[in-house]
Structure formats: structure tokens, C-alpha cells
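Numbers here are sequence positions counted from 1.
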Amino acid sequence: MSTQGQGISLLHQSHDAGYRLLELPPELESLIDSDSAPVLTLDSSSDTSAVLRTPGNSYVLRQKNTSNALILLSPHLSSSSPTQGLLAIATIHETVELDAVNEAATNRAPLKDTGSRGKWHEKFGKNR
């Protein structure tokens with residue numbers, strides 16, 4: 001006689017927040033994770049894409065569509081059931097790649113802290 005466990009419940013509850021998966025090169029990830037993370041800027045480039053600039057490198061942001069969707073999950077606790085489950089909150093079909101670019105090719109100006117925070121998505125998304 002075999003017994004089956006109850007398994008993990010999976011519910012779908014999407015919301016209006018749009019998610020993109022951002023693939024960071026290892027050197028950029030360690031720079032962001034460091035205790036003395038520098039100011040990063042996002043600028044327009046001449047070829048209608050955005051350029052992420054660090055003090056030492058520049059990266060072009062490129063949107064890539066994929067047929068292999070990723071599902072963003074969140075833990076779910078139900079008051080009506082003692083078991084824990086998962087909640088699918090979004091399906092991601094697009095990723096953003098960062099490709100290193102030649103510093104001389106981007107007409108790089110020195111980075112400065114302008115006090116502007118956020119809104120990078122407006123500059124990146126306006127040419128989609």
C-alpha cells in the first residue's frame with residue numbers, strides 16, 4: 001500500500017507590476033555588492049539603447065525576448081489550510097542583458113552624482 005503526500009499548492013495571482021530579469025556580469029555584481037558601491041548612471045546612446053556607466057566600465061542594455069518563460073514565485077500561507085504553498089505572481093518573457101562596450105565608443109564624460117534617483121526605466125523603456 002502506498003501513501004501520497006499532500007504536495008505543495010500552487011496558486012496564480014498576477015499583479016500589474018512589470019518585471020524584467022537583469023543579467024549582471026560578475027564584475028558589476030561584485031561592484032554593486034561592495035561596501036563602497038559607486039554611483040551608477042544610465043544614459044541614452046546614439047543607437048536608441050541605454051548605457052549603464054560605472055566609474056570603470058560602460059554596459060549597453062539590450063532587451064531579449066525568450067520563448068522559455070520564467071515564473072516568479074512567492075511563498076503563500078493560507079489561513080484556511082495548515083500547509084504552505086507557492087504563489088505565482090508574474091511570468092517573465094523578457095530579460096535585459098548588459099553588454100560591455102568600448103569606453104572610447106560611448107563618448108564617456110566623467111560620472112557625477114546629480115542627485116537624481118530612479119526613473120531609469122523611463123529612459124530605457126521609451127524606445128521599446
field: Partners meeting side-chain contact (heavy atoms from CB on, under 4.5 Å) with Leu31 (sequence neighbours left out)
entry: Leu28, Pro38, Thr54
message: Within the structure provided, determine whether Leu61 and Val51 are in side-chain contact (heavy-atom separation under 4.5 Å).
response: no
- prompt: Glu94 and Thr66: side chain to side chain contact (heavy atoms under 4.5 Å, CB included), yes or no, with the steps?
  reply: CA-CA 6 Å; Glu94 299 154 343; Thr66 178; over 6 Å; no
field: Side chain to side chain, Thr41 and Asp43, heavy atoms closer than 4.5 Å
entry: yes
message: When you group the ILVMFWY residues by side-chain heavy-atom contacts below 4.5 Å and let the links chain together, are Leu10 and Ile89 in the same group?
response: no
- request: Mind checking side-chain contact (heavy atoms from CB on, under 4.5 Å) for Ser34 and listing every partner two or more places apart, or none if nothing turns up?
  value: Ser36, Ala37
- line: Sorted by chain and residue number, the salt bridge (Lys or Arg N to Asp or Glu O under 4.0 Å) partners of Glu97 (sequence neighbours excluded) come out as Lys64
field: Partner residues of Glu27 under the side-chain hydrogen bond (donor to acceptor under 3.5 Å, both in side chains) criterion, sequence neighbours left out
entry: Tyr59
- prompt: If Ile, Leu, Val, Met, Phe, Trp and Tyr residues are connected whenever their side-chain heavy atoms lie under 4.5 Å apart, and connections chain through other members, are Leu87 and Ile92 in the same group?
  reply: yes
- prompt: Any side-chain heavy atom of Pro25 within less than 4.5 Å of one from Leu98?
  reply: yes
message: Tell me whether Leu22 shares a hydrophobic cluster with Leu42, the cluster being built from Ile, Leu, Val, Met, Phe, Trp, Tyr side chains joined at under 4.5 Å.
response: yes
- prompt: Taking all atoms of both residues into account, what is the closest heavy-atom pair of Val96 and Arg20, and its distance?
  reply: CG2-CB, 4.1 Å
query: Should Tyr19 and Ile71 be counted in the same cluster of Ile, Leu, Val, Met, Phe, Trp and Tyr side chains packed under 4.5 Å apart?
result: no
message: Assigning hydrophobic clusters by single linkage (Ile, Leu, Val, Met, Phe, Trp, Tyr; side-chain heavy-atom cutoff under 4.5 Å), is Leu52 placed with Ile32?
response: yes
field: Residue pair Asn65, His93: steps toward the side chain to side chain contact (heavy atoms under 4.5 Å, CB included) verdict
entry: CA-CA 6 Å; Asn65 295 334; His93 295 279; over 6 Å; no
field: Leu86 side, atom CG; Ser9 side, atom OG - distance, nearest 0.5 Å
entry: 7.0 Å
